[in-house]
2 protein chains.
Amino acid sequence: MNIDKENQFFEFKELCHKSDLKITPQRVVIYEILSSTDEHPSAETVYKKARRIMPNISFDTVNRTLNTFSDIGAAFIVEGTGDVRRFDAGLGNHQHFKCVKCKRIIDFHYEEFDNVHRPAELEKFDILKSTVYFEGICDVCKKK
Amino acid sequence: MNIDKENQFFEFKELCHKSDLKITPQRVVIYEILSSTDEHPSAETVYKKARRIMPNISFDTVNRTLNTFSDIGAAFIVEGTGDVRRFDAGLGNHQHFKCVKCKRIIDFHYEEFDNVHRPAELEKFDILKSTVYFEGICDVCKKK
DNA sequence: GTACTATATAGTAGTTAATACTATTTAGCA
DNA sequence: TGCTAAATAGTATTAACTACTATATAGTAC
Ligand SMILES: [Mn+2]
Ligand SMILES: [Mn+2]
Ligand SMILES: [Zn+2]
Ligand SMILES: [Zn+2]
């Protein structure tokens with residue numbers, strides 16, 4: 001393990017300790033798999049890789065552990081929140097804020113976000129859509 | 001129906017005609033429901049509202065129709081892509097580009113996106129996260 | 001208006017992702 | 001080296017979404 005990875009693994013253990021989570025072999029394997037790829041794998045993909053190392057690991061453990069990592073900030077969900085699909089017929093330029101408590105999605109509009117700069121790194125792709133999106137606690141939920 | 005809504009409805013019908021979609025009562029009801037709310041409803045929510053107007057409408061029709069609207073550009077999905085959840089242990093600042101064909105999620109980093117401006121409209125919320133995200137066709141898929 | 005036909009729908013079944021349950025095991029600690 | 005709360009394996013269940021099929025209908029041609 002190189003210095004970077006060792007350090008990342010140390011931070012992972014710190015995060016577990018802070019949240020009173022035990023450092024189990026399953027969690028270690030799952031974290032190793034997730035932190036050594038840039039392909040943003042699904043739970044199923046992580047499960048398949050984990051079984052090569054730990055043949056009896058269950059899908060439930062992998063899925064639950066990934067959610068746990070997400071809860072403690074050791075990882076995050078980049079696609080598909082697990083929530084249901086939600087639709088919008090408002091085609092005018094606007095952006096969204098989502099409350100993580102009540103799941104309300106609130107429209108707002110800030111012109112600069114309608115056409116954000118397209119970084120040079122992305123030039124080799126055909127960009128169809130850009131999105132600026134905020135998440136947090138809404139005014140109503142703050143009062144509770 | 002006011003001028004704005006009438007115009008929006010006209011544009012909706014145009015979009016249907018362009019894609020050779022029939023203007024059915026079900027589609028009209030679903031579009032009316034979706035276009036007259038800013039609450040970004042789920043298929044289930046639209047279905048419940050639609051049943052008040054059209055008691056025999058099926059969930060399948062509502063769900064399929066919402067997907068159709070999304071396909072023809074009369075609406076779009078603002079939450080939950082239908083794809084499975086995918087995870088990322090990369091905690092360093094970075095952004096994502098997703099290829100809509102092969103579903104690859106590709107990391108990139110453009111410093112200005114690490115701290116985007118927080119519009120005044122959002123001051124009443126506690127913002128926990130901001131995201132800048134691009135979608136399109138990746139270099140590999142372009143070649144096909 | 002009437003008849004035709006490809007498209008759309010209702011009702012239901014099936015699939016897949018994700019979560020819940022429970023008996024057993026184990027990490028962390030005294 | 002036990003003890004105990006937490007975690008896991010194996011399985012069941014739930015929930016979101018999609019697929020299927022017989023029937024109905026929107027759009028069109030006459
Ligand atoms: Mn919106
Ligand atoms: Mn990433
Ligand atoms: Zn809220
Ligand atoms: Zn691609």
Side-chain angles (χ1 to χ4, degrees), chain A residues 9 12-31 33-34 40-48 50-72 74-87 103, chain B residues 9 12-33 40-48 50-72 74-87 103:
Chain A
F9 188 62
F12 161 68
K13 286 197 286 186
E14 286 287 282
L15 281 168
C16 286
H17 286 138
K18 261 190 238 171
S19 306
D20 285 315
L21 295 182
K22 293 177 181 173
I23 313 291
T24 65
Q26 289 89 343
R27 284 184 176 146
V28 171
V29 164
I30 292 165
Y31 186 76
I33 289 167
L34 189 62
H40 308 91
S42 65
E44 187 64 34
T45 302
V46 175
Y47 174 56
K48 280 177 186 158
R51 283 227 304 210
R52 287 186 217 143
I53 299 156
M54 198 177 264
N56 288 323
I57 198 168
S58 69
F59 175 78
D60 179 67
T61 294
V62 173
N63 189 56
R64 186 171 21 78
T65 299
L66 289 168
N67 283 339
T68 304
F69 288 174
S70 167
D71 289 341
I72 66 172
F76 55 98
I77 297 170
V78 289
E79 176 78 15
T81 56
D83 295 323
V84 299
R85 278 179 317 163
R86 292 170 62 181
F87 297 87
K103 311 289 182 186
Chain B
F9 188 63
F12 162 68
K13 286 197 287 187
E14 286 286 283
L15 281 168
C16 287
H17 286 138
K18 261 189 237 170
S19 306
D20 286 316
L21 296 183
K22 293 177 182 174
I23 314 290
T24 66
Q26 290 87 343
R27 284 183 177 149
V28 170
V29 163
I30 292 165
Y31 186 76
E32 294 272 324
I33 290 168
H40 308 91
S42 65
E44 187 64 35
T45 302
V46 174
Y47 174 55
K48 280 177 187 158
R51 282 226 305 211
R52 289 187 217 141
I53 300 156
M54 198 178 262
N56 287 322
I57 198 168
S58 68
F59 175 78
D60 179 65
T61 294
V62 173
N63 189 56
R64 185 171 21 79
T65 299
L66 288 168
N67 283 338
T68 304
F69 288 174
S70 167
D71 290 341
I72 66 172
F76 56 98
I77 296 170
V78 289
E79 176 77 15
T81 55
D83 294 324
V84 298
R85 278 176 319 163
R86 291 170 64 180
F87 297 87
K103 312 289 183 187

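Computed from a prediction, not measured in an experiment: that's the story for all the values here.
Contact annotation: B:Ser58 does not reach the phosphate of C:dT9 (side-chain N/O to OP1 or OP2, under 4.0 Å). Taking side-chain N and O atoms only, B:Asn67 has a distance below 4.0 Å to OP1 or OP2 of D:dT18. In this model, the phosphate group of D:dA16 is not approached by any side-chain N or O of A:Arg85 to a distance below 4.0 Å at OP1 or OP2. Listed pair A:Arg27 / C:dT26 fails the phosphate criterion, with no side-chain N or O lying under 4.0 Å from OP1 or OP2. Between D:dA16 and B:Asn63, no contact under 4.0 Å exists linking OP1 or OP2 to a side-chain N or O. When the side-chain nitrogen and oxygen atoms of A:Arg64 are compared with OP1 and OP2 of D:dT8, one or more of them lie within a distance under 4.0 Å. When the side-chain nitrogen and oxygen atoms of B:Thr24 are compared with OP1 and OP2 of C:dT7, none of them lie within a distance under 4.0 Å. Of the side-chain N and O atoms in B:Gln26, one or more sit less than 4.0 angstrom from OP1 or OP2 of C:dA10.
For the pair A:Lys13 and A:Val28, the minimum side-chain heavy-atom distance is 4.5 Å or more. Between A:Glu79 and B:Lys103, the closest side-chain pair of non-hydrogen atoms is not below 4.5 Å. No side-chain heavy atom of B:Phe87 sits under 4.5 Å from any side-chain heavy atom of A:Val78. The closest side-chain heavy-atom distance from A:Arg85 to B:Asn67 is below 4.5 Å. Between B:Thr65 and B:Thr24 the shortest side-chain heavy-atom distance does not fall below 4.5 Å.
Nearest-nucleotide positions on DNA chain C place B:Pro55 closer to the 5' end than the other of B:Val84 and B:Pro55. Mapping B:Ala43 and B:Pro25 onto DNA chain D by nearest heavy atom places B:Ala43 closer to the 5' end of the strand.
Side-chain to base pairing of B:Asp60 with D:dA19: one donor and one acceptor N or O lie within less than 3.5 Å of each other.
Here D:dC17 is the nucleotide among C:dA10, D:dC17, D:dG10 with the atom lying nearest to any side-chain atom of B:Phe59. If you check C:dT7, C:dT9, D:dT8 against the side chain of B:Lys22, the one that comes closest is C:dT7. Side chain of A:Leu21, nearest nucleotide from C:dT19, D:dT18, D:dA7: D:dA7.
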